[in-house]
Amino acid sequence: MTDIRTGHIPAADLNLETSMGCGQIFGWDRRGKTYFGMIGSTAVGIRQEGDRIVFVTESGLDRSRIVSYLGLDVDLGQILKSITRDSFMKRVVGSVRGLRLLKQEPWPCLCSYIISANNRVERIDTIVKQISRELGTRHVVDGEEVYCLPEPGVLAGCAESGLRSCGTGFRAPYLLGAAAMVSDGVIDFDAIAGMPTGEARDLLKTVHGVGDKIADCVLLFAFSRYETFPVDVWIKRAVQIKYFDSGEVKPDEIRRFGQEYFGEYAGYAQEYIYHYAREHGLE
DNA sequence: TCTCAGGCACTAT
DNA sequence: ATAGTGCCTGAG
């Protein structure tokens, strides 16, 4: 493992602010121009300076992990081309530049999305940070404090009351259950990484508090299963209006439509539609 | 005061 | 199978 402290990465086709702020990822803290957070067990500071990404890390993080974390290892132009299947998508894709899917760590991603159930984007972020600060570990990078979400084994040993005081509400037992399953190896992220998507999805759904939507988010945002098409209320509304003449359609049908219509990179289509719907509305 | 927010589980049909 | 309903919590 390379011991990199500082460096930079060419990133002409990345909009860090949009990618960090679009609601796909939680727990990063923006201070001035720099985002501070964890990649695995390493605290990192990242900022964009024109066409490049400048980073500072604690020791022990491979440079290639930063590249993959930022989603820079895919051909964005080709992906966007593939999902631009109609005039609406042309408008959607043209509305924002450099939005990329980040490759999150599985555990923080699972936690974040369990918390996301029936919750607002800003609150999800607040709660993730609260848990990290109260129950996690403190790191320092570039003189800045960064708190890491507790490891599954640690969280599993926490009291439900402590978790509830972080604002998790009825999701507290879900988080504890997930932590126990991960630390016991019932949920094995390395195994999931090697599974067919459908099988991985079924396994993730055995976690209490994880249904179709959250399982799909974890597969898309942590395991790069770009063919998944998570259906939340925004996507449901958008797809109903744009592709089903505003008629009521069940989430599972929306999901299957999205996957078939957009194909290999349906997840990218989902993220762009989501961003567009939230930023511009759907008229 | 009441509704709603990037769902889910539980229950009754 | 599938449609209702309640849920922690805080912001508008």
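Letters go in sequence order (proteins before strands), and every chain restarts at 1.
- The 12-atom threshold is not exceeded at CD of A:Glu264, counting heavy atoms of other residues, nucleotides or ligands nearer than 6.0 Å.
- Within the 4.0 angstrom heavy-atom criterion, base atoms lie near A:Tyr113.
- Here A:Ile214 lies in heavy-atom contact (under 4.0 Å) with sugar-phosphate atoms only.
- Across all strands shown, A:Val121 has heavy atoms under 4.0 Å from base atoms, whether or not it also approaches the sugar-phosphate.
- Within the 4.0 angstrom heavy-atom criterion, no nucleotide atom of any strand lies near A:Val231.
- In this structure, A:Phe221 and A:Val207 both approach DNA chain B, and ranking their closest nucleotides by distance from the 5' end singles out A:Phe221.
- No donor-acceptor contact under 3.5 angstrom links the side chains of A:Ser19 and A:Arg100, judged on distance only.
- Atom CD in A:Glu122 sits about 10 Å away from atom P in C:dA11, given to the nearest Å.
- Taking the side chain of A:Phe170 as heavy atoms from C-beta on, and the options B:dG7, B:dC4, B:dA9, the nearest nucleotide is B:dG7.
- Here A:Asn118 lies in heavy-atom contact (under 4.0 Å) with a base.
- Between the CD atom of A:Glu253 and the P atom of C:dA1 there is a distance of 17 Å, given to the nearest Å.
- Judged by distance alone, with hydrogens and angles left aside, A:Arg171 brings a side-chain donor or acceptor within reach of the base of C:dC8, the pair sitting under 3.5 Å.
- Nucleic acid contact for A:Gln24: base, since at least one base atom lies under 4.0 Å from a heavy atom of the residue.
- For A:Tyr268 and A:Phe262, the gap between ring centers reaches or exceeds 6.0 Å.
- Across all strands shown, A:Cys166 has no heavy atoms under 4.0 Å from either base or sugar-phosphate atoms.
- A donor-acceptor distance shorter than 3.5 angstrom exists from the side chain of A:Lys129 to the backbone of A:Trp28, with no hydrogens or angles considered.
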